[in-house]
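Heads up: the structure comes next, in structure tokens.
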Amino acid sequence: MRKKIVAGNWKMNTNYDSGLELAREINEKVAKANLKGTGIILGVPFILVADVVKNVDKDNIGVAAQNSAAWEKGAYTGEISADMVKSTGAGYVILGHSERRKYFKETESILKEKTELALASNLEVIFCCGEVLEERNDNKHFEIIKRQISDSLFHLSAGEFSNIIIAYEPVWAIGTGVTASSDQAQEMHSFIRKLIAEKFGDELAGNTTILYGGSCNPGNARELFSNPDVDGGLIGGASLKADDFIKIIESF
Ligand code: 13P
């Protein structure tokens with residue numbers, strides 16, 4: 001059966017000291033929380049990855065980088081490779097976030113390269129997809145999600161794909177306070193699961209964790225997570241407050 005997961009994406013927030021403090025605070029609260037088997041992942045800035053790994057209980061909390069390079073190694077000043085991320089003890093990398101697609105022009109083919117390298121370094125990939133408002137208003141959202149997922153991920157073997165977690169994050173819901181309705185989330189998650197089933201079969205589709213992201217908070221998490229195809233969340237703003245993040249984790 002697929003795993004329920006609540007992952008935080010801290011984006012470019014905190015600094016070394018405040019980030020480590022937040023990770024420790026979350027770790028302490030998670031130890032007392034009613035997890036009901038929910039997996040927790042902290043997606044932290046690169047400078048914190050190695051030390052957050054050392055400061056959280058790895059039985060409860062996994063650590064993710066928020067990006068990794070499209071090249072294996074070499075003369076790419078400022079880049080961080082998948083192998084470097086893995087060497088810190090982190091188990092995950094977030095790839096394809098809409099902010100990276102928008103500000104860093106990451107395309108489906110770049111994300112294909114990044115995903116391959118991350119999987120080759122034995123990282124699990126939290127692969128983000130999502131349409132902008134105009135695409136939804138034009139009724140193109142299914143087509144867009146299909147392209148984002150199939151062009152970057154459907155060349156993988158079934159074994160490789162089993163290390164992918166999908167995060168559906170409608171861009172119009174990110175950081176806006178406007179969340180997708182429960183029905184909109186379920187509709188898209190079930191569409192994504194169907195796509196995966198058509199490509200890799202029902203068993204793998206049934207085992208794939210599909211997260212929702214976009215203005216998810218302690219007030220709406222329970223309803224969103226109650227949908228059969230919503231397996232948890234990728235949380236931005238609310239993951240920066242330990243109490244809110246714990247409440248979301250306890251929403252299953
Ligand atoms: P918010 O929860 O702040 O809307 O961000 C969602 C997100 O982008 C997570 O990756």
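Counting convention: from 1, in listed order, for ligands and their atoms alike.
The pair Glu106-Arg101 does not meet the salt-bridge criterion, since no charged nitrogen lies less than 4.0 angstrom from a carboxylate oxygen.
Proximity to Gly214 (heavy-atom distance under 4.0 Å) selects the following atoms of ligand 1: 4 (O), 6 (C). Set against the non-hydrogen atoms of Ser215, the atoms of ligand 1 under 4.0 Å away are 1 (P), 2 (O), 4 (O). Near Leu234, the atoms of ligand 1 lying under 4.0 angstrom from a non-hydrogen atom of the residue are 9 (C), 10 (O). When each atom of ligand 1 is checked for a heavy atom of Ala173 under 4.0 Å away, the hits are 4 (O). Every atom of ligand 1 with a heavy atom of Glu169 under 4.0 Å away is listed here by number and element: 6 (C), 7 (C), 8 (O), 9 (C), 10 (O).
The closest side-chain donor-acceptor pair between Ser190 and Asp229, if any, does not fall under 3.5 angstrom.
Between Gly236 and ligand 1, a contact under 3.5 Å exists for at least one N or O pair. Between Gly237 and ligand 1, at least one N/O pair is under 3.5 Å apart.
Side-chain contact check for Glu187 versus Asp183: every heavy-atom pair is 4.5 Å or farther apart.
Taking the six-membered ring where tryptophan is involved, the planes of Tyr212 and His189 are tilted, since the angle between them lies from 30° to 60°. Ring orientation note: the planes of Tyr76 and Trp71 are close to parallel, at an angle under 30° on the 30°/60° scale.
Residue pairs that meet the side-chain hydrogen bond (donor to acceptor under 3.5 Å, both in side chains) test with at least one member in residues 139-148, sequence neighbours left out, do not exist here.
Residues Phe154 and Phe200 bring their aromatic ring centres within 6.0 Å.
Only the side chain of Asn9 comes within 4.0 Å of ligand 1, counting heavy atoms alone; its backbone N, CA, C and O stay farther away.
Comparing Lys11, His97, Glu99, Gln66 by heavy-atom distance to atom 5 (O) of ligand 1, the nearest is Lys11.
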